[in-house]
> 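Quick one: this structure, given as structure tokens, is what I'll be asking you about.
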Amino acid sequence: MYNETVMDHFEHPRNIGEMEDPTVVVEVGSGECGDRTKLFLKIEDDVIVDVSFKTLGCAAAIASSSMATEMIKEKTLKEAWDLTNRDVVEALGGLPEQKIHCSVLAEDAIREAINIYRKGQGFEPW
Ligand code: FES
């Protein structure tokens, strides 16, 4: 059902776990299945200098969160904002059609975290 890249990120998720002193923490749930992702970002000068996550979800959700965190590390907030679930699915080499929605969790978490940060800094949310 899953390709090698997806299985690798599921079995060996990158950036997994709680972060001690994050700038922002956010938890989002999937409207489709109820699975959840918690995302921790450490932000300095509008750059994501560290990121970690915990996902209570399926293999596709864990693999997507793992890949997404790799893709936003050391990126600016704007670059991270522009990352879509389709980019993550492509980087994973594809997901079965019925599991595409699982990759949306990571995108939602990243965007919500960025907007919480922006509001905290006195900026309009994107
Ligand atoms: Fe819930 Fe995949 S089935 S995130």
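Whatever order the structure lists ligands and atoms in, that order sets their numbers, starting from 1. Quantities reported herein were computed from a predicted structural model and do not represent experimental measurements. Just so you know, these numbers use all the heavy atoms, side chains as well, and skip hydrogens, waters and symmetry mates.
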> State, with a plain yes or no, whether a side-chain heavy atom of W126 is found less than 4.5 Å away from one of L77.
yes
> At distances under 2.8 Å, what protein N, O or S atoms surround atom 2 (Fe) of ligand 1?
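Result, waters dropped: C58 SG, C102 SG.
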> Taking the side chain as every heavy atom from C-beta outward, state whether N115 and R118 have any pair of such atoms under 4.5 Å apart.
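Contact flag for N115/R118 side chains = yes.
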> Is the number of heavy atoms from other residues, nucleotides or ligands under 6.0 Å of E90 CD greater than 12?
no
> Can you name the side chain to side chain donor-acceptor pair (under 3.5 Å) partners of E112, sequence neighbours left out?
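In terms of side chain to side chain donor-acceptor pair (under 3.5 Å), with neighbours along the sequence ignored, E112 is linked to no residue.
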> Show me the side-chain donor-acceptor pairs of residues 40-59 shorter than 3.5 Å, one per line, residues at least two apart or across chains.
{"residue": "K42", "atom": "NZ", "partner": "D21", "partner atom": "O", "Å": "3.2"}
{"residue": "S52", "atom": "OG", "partner": "G17", "partner atom": "O", "Å": "2.8"}
{"residue": "K54", "atom": "NZ", "partner": "E18", "partner atom": "OE2", "Å": "3.0"}
{"residue": "T55", "atom": "OG1", "partner": "T37", "partner atom": "OG1", "Å": "2.8"}
{"residue": "T55", "atom": "OG1", "partner": "S65", "partner atom": "OG", "Å": "3.2"}

> Applying salt bridge (charged side-chain N to carboxylate O under 4.0 Å, His left out) as the test, list every pair that has at least one member in residues 1-13; sequence neighbours left out.
D8-R14
